[in-house]
2 protein chains.
Amino acid sequence: MSSDMPRPRSLTPDRIASAALTVIDRDGLTGFTMRAVAAELAMSAMALYRYIDDRGELERLVVERVLDGIDVSPPDPKLPWAARVTLLLRRMRAAVAAHPAVAPLVPVHRHRSAAVLRWTETVLGLLTEAGLTGERRVLALRALLGYLLGAIQLEHLGPLAGAGTAALAELAPQAYPHLADTARTARHIDPDAEFDGGLALLLRGLTAPPD
Amino acid sequence: MSSDMPRPRSLTPDRIASAALTVIDRDGLTGFTMRAVAAELAMSAMALYRYIDDRGELERLVVERVLDGIDVSPPDPKLPWAARVTLLLRRMRAAVAAHPAVAPLVPVHRHRSAAVLRWTETVLGLLTEAGLTGERRVLALRALLGYLLGAIQLEHLGPLAGAGTAALAELAPQAYPHLADTARTARHIDPDAEFDGGLALLLRGLTAPPD
DNA sequence: CTCGTAGGTATACATCGTACGCCTACGAGG
DNA sequence: CCTCGTAGGCGTACGATGTATACCTACGAG
C-alpha cells in the first residue's frame, strides 16, 4: 500500500465550527444550513460531508466551540463560597449569551462537550468544599444545572425576553392581579441582576443545615 | 349579503391539537408534520390551513393542549407552604412528562398559554402568602420557573436521561474525580426524588431572611 | 332554487438534508 | 520523474417538508 497520506487537506473541525457559528450569528438558527455553512467555507455543500457525518455532528461542533471558551479555573479561594459558584455559573451564561441564537442547541448537545465536563468538575469541587457530598451533592448540582439551563432558555426563548413581560404588565388587569403586578415590577430589573438574584436564592438553600 | 354561515364545518382547534398530539406521541417530534397531522384527521395537508396560519400556530395549540390539563387550584392551605409550592411545580412537570416528546416545544410557546398564566397566578399567590413582594417575588418566581424549565430539559434532552449518566460513571476515571463519583451516586436516585430534592433546596433559600 | 362563501383538495415550488458517482489533486513508491 | 491509489471536492438528484395558488364543491340564507 502507498497508504498513509494521499491528500491531507483543507479543513479542521475548528474551522468548520467557526464558519457555522459565523452563519448562525449572522442569520440565526433558521439560516443555519449545510449549504450556508459550506458557502461560508467557499465549498460545495457535499464537501462538508468529508469532515462530518451529518447535521447533528455540525451542531455538536458549534456547541462545543461556544462552550470551549469558558474559563473553568477555580476562582480566587479568598472570595466567599457563594461568590465563587456564582462566578462559574455566570461564565457559562455569558458564553451562551455571546451567541444567543445557539441557545436552543445547548441543552441538546451539552453532554457531549468536554468543556462542560471540565466546568462541571470545577463546580463539583466547589460544592465539595462547601461540605456537600453524596446525594446532597448530586441534588445541589442538579439544582444549579437546572436553574442555569432554565434561565438561559427563559432569556432567549421568552416572548422576546422583555416585550412579553411588558405585554403581561398591560394585559391581565384583574383576572391575574399578582401576575400583572409582578410583571410591572419585573420590567425594572436588569437581566443580569435577575439571574444573580435568583441564583443567590438558590445558593442560600444549598448551604442550609444538612437536614 | 347572505353572509353569516355559509358552511360551518368539521374541525375545532381542540380536535386539531388532539390529532397533532397523537402524532407526536406516536412518532416523536420528527414525525410531527403537517401532512402527518392532516392524515390523522383524514384530511389533505392544505385543509389544515383553513384553521391555522402556519406550523408555529399548530405547535402553540399542542403546547396549550398539554398544559391545559394542569390543575391550578391552590392546594390545601393546611399543608406546609413549601409542600404547596412543590405540588404546583410537580403538576406542571407531570403534564409535560405525560408527553415527553413535546418538551422542546414548551419553552418556545409557554408564554402564549392561558393555562400557564393561571398556573403562574396561583404560584404567585403562594409566594405572596409567604411574605414575598416586589423584587423578591420576581426573583423567586424566576428562580422557580428557571429550575422547573431547566429540570424538564435535563430530563428529556439529556443523554437519554440515564444512559449518559451511566457512561459518565464509567468514563472520566481520574481526570474528573468528582464527576465520576457524583455520576455513580446519581445512578441510584429516582428522578422524581431528584426533582423534589433540588426543588427543596431552592425553596429553603426562598424563605430565608429578607436581606 | 340559487348563489355566495368557506371547506376541502390537487398541484406545484423553493428549500432542506443527504446518497451517489464522478473527476482530480497530490503524496508515496518506483 | 512518472505513475497510481486514495481521499478531497463537486454536480446532480431524490425524498421530505412547509406553504402559495387556483380550483372544485357542499351548504345555508334568501
Side-chain angles (χ1 to χ4, degrees), chain A residues 1-63 101-102 104-105 108-109 112, chain B residues 1-63 101-102 104-105 108-109 112:
Chain A
M1 330 173 223
S2 57
S3 58
D4 272 26
M5 291 195 56
R7 200 184 173 185
R9 288 243 235 121
S10 277
L11 300 178
T12 67
D14 205 72
R15 254 186 65 60
I16 296 179
S18 197
L21 199 49
T22 300
V23 170
I24 294 179
D25 286 342
R26 184 186 349 108
D27 305 326
L29 260 197
T30 64
F32 175 36
T33 271
M34 293 293 146
R35 285 164 170 81
V37 174
E40 186 68 30
L41 291 163
M43 305 183 90
S44 91
M46 292 313 295
L48 271 180
Y49 287 88
R50 293 285 170 183
Y51 297 91
I52 61 172
D53 279 351
D54 54 17
R55 181 184 220 271
E57 192 176 345
L58 222 192
E59 293 181 359
R60 217 203 73 231
L61 286 178
V62 170
V63 171
V102 315
L105 298 182
V108 184
H109 299 284
R112 282 190 238 278
Chain B
M1 329 176 223
S2 57
S3 58
D4 273 26
M5 289 195 55
R7 203 184 171 186
R9 287 243 236 124
S10 275
L11 300 179
T12 68
D14 204 72
R15 251 185 69 60
I16 296 180
S18 197
L21 199 49
T22 300
V23 170
I24 295 180
D25 286 342
R26 183 185 350 107
D27 305 325
L29 260 197
T30 64
F32 176 36
T33 270
M34 292 295 147
R35 286 164 171 76
V37 174
E40 186 68 31
L41 291 163
M43 305 184 92
S44 92
M46 291 313 294
L48 273 179
Y49 287 87
R50 294 283 167 185
Y51 298 91
I52 61 172
D53 278 351
D54 54 16
R55 182 183 219 270
E57 192 175 343
L58 223 191
E59 293 181 0
R60 218 202 73 231
L61 286 178
V62 170
V63 171
V102 315
L105 298 181
V108 184
H109 299 285
R112 282 189 237 278

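Throughout, a chain's letter reflects where its sequence line sits, starting with A, and its residues are numbered from 1.
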Quick one: closest heavy-atom pair of [X] and [Y], and the distance?
X	Y	result
A:T33	A:R55	N-NH2, 4.5 Å
A:G56	A:H109	O-CE1, 3.6 Å
B:A45	B:A38	CA-CB, 3.5 Å
A:A17	A:L61	CB-O, 3.7 Å
B:M43	B:L11	SD-CD1, 3.3 Å

Determine which nucleotide pairs with C:dT18, using a 3.5 Å limit on both distances of a Watson-Crick or G-U wobble pair.
D:dA13
Does any nucleotide pair with D:dG30 by Watson-Crick or G-U wobble geometry, both distances under 3.5 Å, and what is it?
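Looking at the geometry, D:dG30 pairs with C:dC1.
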Is the phosphate of C:dG8 approached by B:R50 (side-chain N or O, under 4.0 Å from OP1 or OP2)?
no
Output yes when at least one side-chain N/O atom of A:Y51 is less than 4.0 Å from OP1 or OP2 of D:dG9, else no.
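For D:dG9, OP1/OP2 do have a side-chain N/O of A:Y51 under 4.0 Å.
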Treating A:T12 as the side-chain partner and A:R15 as the backbone partner, does any N or O pair qualify as donor plus acceptor under 3.5 Å?
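Between the backbone of A:R15 and the side chain of A:T12 there is a qualifying donor-acceptor contact (under 3.5 Å).
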When you measure from the side chain of B:D54 to the backbone of B:E57, do you find a donor-acceptor pair of N or O atoms at a distance under 3.5 Å?
yes
Rounded to the nearest Å, what distance is computed from the [atom1] atom of residue [X] to the [atom2] atom of nucleotide [N]?
X	N	atom1	atom2	answer
B:R55	C:dC16	CZ	C1'	13 Å
A:L48	C:dC16	CG	C1'	14 Å
B:D53	D:dG18	CG	P	15 Å
A:L41	D:dC10	CG	P	10 Å

Taking the side chain of A:Y49 as its heavy atoms from C-beta onward, which of C:dT18, C:dA10, D:dG18 lies nearest to it?
C:dT18
Measure from the side chain of A:M46, starting at C-beta and using heavy atoms only, and say which of D:dG18, C:dC20, D:dG9 lies closest.
C:dC20
Applying side-chain contact (heavy atoms from CB on, under 4.5 Å) between A:V37 and each of A:I24, A:I52, A:V62, A:L48, report the one that passes.
A:L48
Can you sort out which residues in residues 10-20 of chain A have a heavy atom within less than 4.0 Å of DNA chain D? Ascending by number, please.
A:S10
Under 4.0 Å, heavy atom to any atom of DNA chain D: which of residues 22-40 of chain A qualify?
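A:R35 - these, ordered by number, are the residues of the stretch whose heavy atoms sit under 4.0 Å from the strand.
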Could you please spell out the steps behind the side-chain contact (heavy atoms from CB on, under 4.5 Å) verdict for A:F32 and A:L58?
CA-CA 10 Å; A:F32 175 36; A:L58 222 192; 4.0 Å; yes
